[in-house]
Number of protein chains: 2
Amino acid sequence: MTDRRGDLFSVECPTRHLLDRIGDKWTSMTVKLLAERYPDSARFSELQRAMPGVSHKMLSQTLQRLTADGLVTRRVEDSVPPAVHYALTALGRSLDEPLAILREWAETHMSEIERHRASAGR
Amino acid sequence: MTDRRGDLFSVECPTRHLLDRIGDKWTSMTVKLLAERYPDSARFSELQRAMPGVSHKMLSQTLQRLTADGLVTRRVEDSVPPAVHYALTALGRSLDEPLAILREWAETHMSEIERHRASAGR
DNA sequence: CAGCATCCTATGGGATACTG
DNA sequence: CAGTATCCCATAGGATGCTG
């Protein structure tokens with residue numbers, strides 16, 4: 001009951017909300033690329049090429065979400081085939097800091113987790 | 001092509017793997033509780049009471065995963081109604097550090113994101 | 001080039017009920 | 001008390017095709 005959309009909005013925890021935003025398949029990679037590799041700005045197709053496996057639709061959706069959340073700006077260059085430039089906002093850049101720390105932890109420890117999983121059977 | 005299970009295993013990025021592990025609905029909260037509120041250990045039902053909205057099944061599943069990943073230990077006390085104690089491993093505690101930083105960011109900035117979303121019209 | 005709409009499948013996760 | 005199994009729905013996300 002309560003709501004049926006099976007959530008309750010995490011009751012309180014802001015971290016849950018954050019993970020709902022960045023825990024999806026492509027968001028963290030997008031933020032990382034915009035922070036590290038394209039600190040100025042990147043075009044849609046640049047990002048797409050930099051993210052092997054992303055579908056057109058998902059990149060589009062990810063960027064829209066980031067833009068709506070105020071983490072990314074979208075600038076349309078009025079050329080003949082239109083060029084769209086995406087860049088992190090200040091808020092987006094500030095988010096990259098904790099994410100970078102998480103990345104570092106992941107790079108250091110994920111292999112250990114994988115080993116555990118393997119020996120724990122599945 | 002390639003694989004059909006639509007993944008490619010994120011190609012390289014350890015952060016994707018990590019977010020696949022901790023980005024789900026209950027994992028980060030569980031780690032937080034075991035780190036901050038139950039630094040010694042917690043019983044299943046304690047955790048359940050501390051996590052409003054979690055279903056029996058999901059908590060069970062979450063703990064199994066954490067245990068398999070080597071982030072949590074599971075100790076069965078051989079009493080008449082069996083008591084099971086969960087605690088973070090050293091690896092689990094080390095993961096809580098970057099998570100704590102993420103939590104702090106979330107507490108500081110999530111309201112800003114919510115505002116953006118609201119004014120961006122969902 | 002960038003974006004939208006449609007379709008379809010796989011998965012996450014809740015409810016419920018049964019077991020030691 | 002803790003765990004497992006079943007059922008069922010909502011969502012994520014991939015593929016494809018059309019538009020300016």
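A, B, ... follow the sequence lines: proteins, then strands. Residue 1 opens every chain.
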*Should B/Gln61 be listed as having a side-chain N or O under 4.0 Å from OP1 or OP2 of C/dG14?*
no
*Using atom NE2 of A/His85 as one end and atom C1' of C/dA2 as the other, report the distance to the nearest whole Å.*
12 Å
*For B/Arg43 and D/dA2, is the shortest distance between a side-chain N/O and OP1 or OP2 below 4.0 Å?*
yes
*asked:* I want to check one thing: is the phosphate of C/dC1, taken as OP1 and OP2, less than 4.0 Å away from some side-chain N or O of A/Ser79?
replied: no
*Starting from C1' on C/dT11, measure out to CG on A/Asp24 and report it in whole angstrom.*
15 Å
_Distance in angstrom units between B/His56 NE2 and D/dT6 P, rounded_ = 16 Å
_Measuring to OP1 and OP2 of D/dG3, would you say a side-chain N or O of B/Arg74 lies under 4.0 angstrom away?_
yes
*Would you give the length of the straight line joining atom CG of B/Asp69 to atom CD1 of A/Ile113, rounded to the nearest 0.5 angstrom?*
5.0 Å
*Of all the choices, D/dT4, C/dG14, D/dG13, which nucleotide is nearest to the side chain of B/Trp26 once you look at every atom?*
C/dG14
*Ignoring backbone atoms, test whether B/Tyr86 places a side-chain nitrogen or oxygen under 4.0 Å from the OP1 or OP2 oxygen of D/dG3.*
yes
*With nearest nucleotides of DNA chain D determined for B/Gln64 and B/Arg49 from heavy-atom distances, which residue corresponds to the more 5′ nucleotide?*
B/Arg49
*Salt-bridged, B/Asp96 to B/Arg103, with N to O below 4.0 Å?*
yes
*Just how far, in rounded Å, is C1' of C/dA5 from CE of A/Met58?*
15 Å
_I'd like to know if B/Lys57 reaches the base of C/dG14 with its side chain such that a donor and an acceptor end up less than 3.5 angstrom apart._
yes
